[in-house]
There are 2 protein chains.
Amino acid sequence: MTTPAPRRPRQDAVDNRAGILSAATTAIAHDPQASIDTIARSAGLSRRALYGHFADRNALVTEIIDAGAERFNRIALSVTDPDAQLALARLTSLLWQEAAHVQVAASIALDDAHLASTGKALAPLRAAVAAILQRGQDDNTLRTDVDVATLARLVEEAARAAITRVDAALPEARSLAVRTTLSMAGLSWRETVALLEQHPEILGDPAADAAPATDVER
Amino acid sequence: MTTPAPRRPRQDAVDNRAGILSAATTAIAHDPQASIDTIARSAGLSRRALYGHFADRNALVTEIIDAGAERFNRIALSVTDPDAQLALARLTSLLWQEAAHVQVAASIALDDAHLASTGKALAPLRAAVAAILQRGQDDNTLRTDVDVATLARLVEEAARAAITRVDAALPEARSLAVRTTLSMAGLSWRETVALLEQHPEILGDPAADAAPATDVER
DNA sequence: AATAACTTGCACAGTACTGTGCAAGTTATT
DNA sequence: AATAACTTGCACAGTACTGTGCAAGTTATT
């Protein structure tokens, strides 16, 4: 006998799998301990069907973490401003756009059960942040009263607070996240406001082209 | 028949009750979902005995929240500096001393199950913080690019981050908590360092009376 | 010394899950 | 139209708890 026809997965199954991941992302962002039943039902499936797509809860959570982490790490690599203040501002602004996924990371990252795997997945992002902060300390554009490792943690927490504890629907939410992060990095609020006025493209304002002194490479 | 002799509780029972509260404070700070068994055993008692002192898990948690909140609220009332920057610095410094209790509050406050009761208990503290921030915005000594309510949340999160995410055993932990809070309130890190140099008593350093210009950088 | 107060250990009922097996259905693909 | 792939619903075993009752033991207080 030959190999049994290797048919590829049915389209509805592919969609359902994606639906589960999406539902789980939302549900877990809301409550890291959301039950399998809650997730399955909010994806329009039975609990039993979910186990046809994921071996167990951990497999599902791991896949969400990895997917989210990959987006973050990709963003981190895309930020290349030599100026540390600008780099930190741009990174925060870009990450904010991924708010839904960031919230998952924020929730799971605080969950002891997955601390280790989350940490590994986010390593590139954290390395990028540490590099930016180190650069800023070296040329004295960011605070030097805290060592880089501690500063990285504080900046991460500040960003997390701004993203998870402020209504993302507010028009100034994104700007607030950026200003919060820069505050934690040592700038006064006036410096931060001035910086963002000089670089309106950081906040992705489409009507910001006509701004006075915009001269940043693309 | 007369009333059955109203004897007061035995000393060992009083001690055990206090021991449970103390063990629960520590355990819950570490993990808000710590089980009754874990708490009872770490207090050196059986799970069954704990139920002799508290009706259920909620009664225990409520008592911890209320006790912690009372300490915080008392501290908040004791801070009377007219200068908003100083007031915020002193408040943070004093609260930091209650680290163990702060950590419980930090953990429980993030726990949806007790969000409401924690909020009610901490209302006086939050009102005091809001008053300080409002004062600082009125006389332009704190940032005015964020409304008071949002700023209060961000400052609270910054303090929480500095207290829970940094090793409290480090000698500079307390100073760090204060600097973090002031950063979030809009000051640059240099302004913060200067403020603390001018008011060494805020950090409660006993040998800081004569200190002219202690270098904070390392 | 007497005794009320307290603690322990065990059994038990209840809750809220996770993960698996299986038969009976439904649906996409060939 | 045939069929492999998928989903459902149900039953079941297992885990990790919470909270209660009760008998037997221990300890502080009178």
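Order of the sequence lines fixes the chain letters, A, B, ..., with proteins taken first and strands second; residue numbering starts at 1 for each chain.
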Quiz item: Under 4.0 Å between a side-chain N or O of A:Asn16 and OP1 or OP2 of D:dT7?
Solution: yes
Exercise. Could you pull out the closest heavy-atom pair between B:Met184 and A:Ala158, with the gap in Å?
Key: CE-CB, 3.9 Å
Quiz item: Taking all non-hydrogen atoms of both residues, which atom of A:Trp96 and which atom of A:Ala168 are closest, and how far apart?
Solution: CZ2-O, 3.6 Å
Quiz item: What one-letter contact string describes nucleotides 24-30 of chain D from 5' to 3', where B marks a base within less than 4.0 Å of any protein heavy atom, S marks contact via sugar-phosphate atoms alone, and - marks no contact?
Solution: ---BSSS
Quiz prompt | Base-contact (B) and sugar-phosphate-only (S) positions in nucleotides 11-21 of chain C, heavy-atom cut-off under 4.0 Å, - elsewhere | solution = ------SBBBB
Quiz item: Between A:Ser188 and B:Leu187, is any pair of side-chain heavy atoms under 4.5 Å apart?
Solution: no
Practice problem: Report yes if the side chains of A:Asn73 and A:Leu77 come closer than 4.5 Å at any heavy-atom pair, otherwise no. | Solution: no
Taking only Lys NZ, Arg NE, NH1 and NH2, and the carboxylate oxygens of Asp or Glu, determine whether [X] and [Y] approach each other closer than 4.0 Å.
{"X": "A:Glu63", "Y": "A:Arg17", "value": "yes"}
{"X": "A:Arg74", "Y": "A:Glu98", "value": "no"}
{"X": "B:Glu156", "Y": "B:Arg126", "value": "yes"}
{"X": "B:Glu157", "Y": "B:Arg153", "value": "no"}

Quiz item: Quick one: does A:Ser78's side chain have a donor or acceptor within less than 3.5 Å of a partner on A:Ile75's backbone?
Solution: yes
Quiz prompt | B:Gln137 side-chain N/O to B:Val146 backbone N/O, donor-acceptor pair under 3.5 Å | solution = yes
Quiz item: Where does DNA chain D pair, written as one dot-bracket string 5' to 3', with Watson-Crick or G-U pairs under 3.5 Å, ( ) inside the strand, [ ] for crossing pairs and | for another strand?
Solution: ||||||||||||||||||||||||||||||
Practice problem: Please report, rounded to the nearest Å, how far the P atom of C:dC6 is from the NE2 atom of B:His53. | Solution: 7 Å
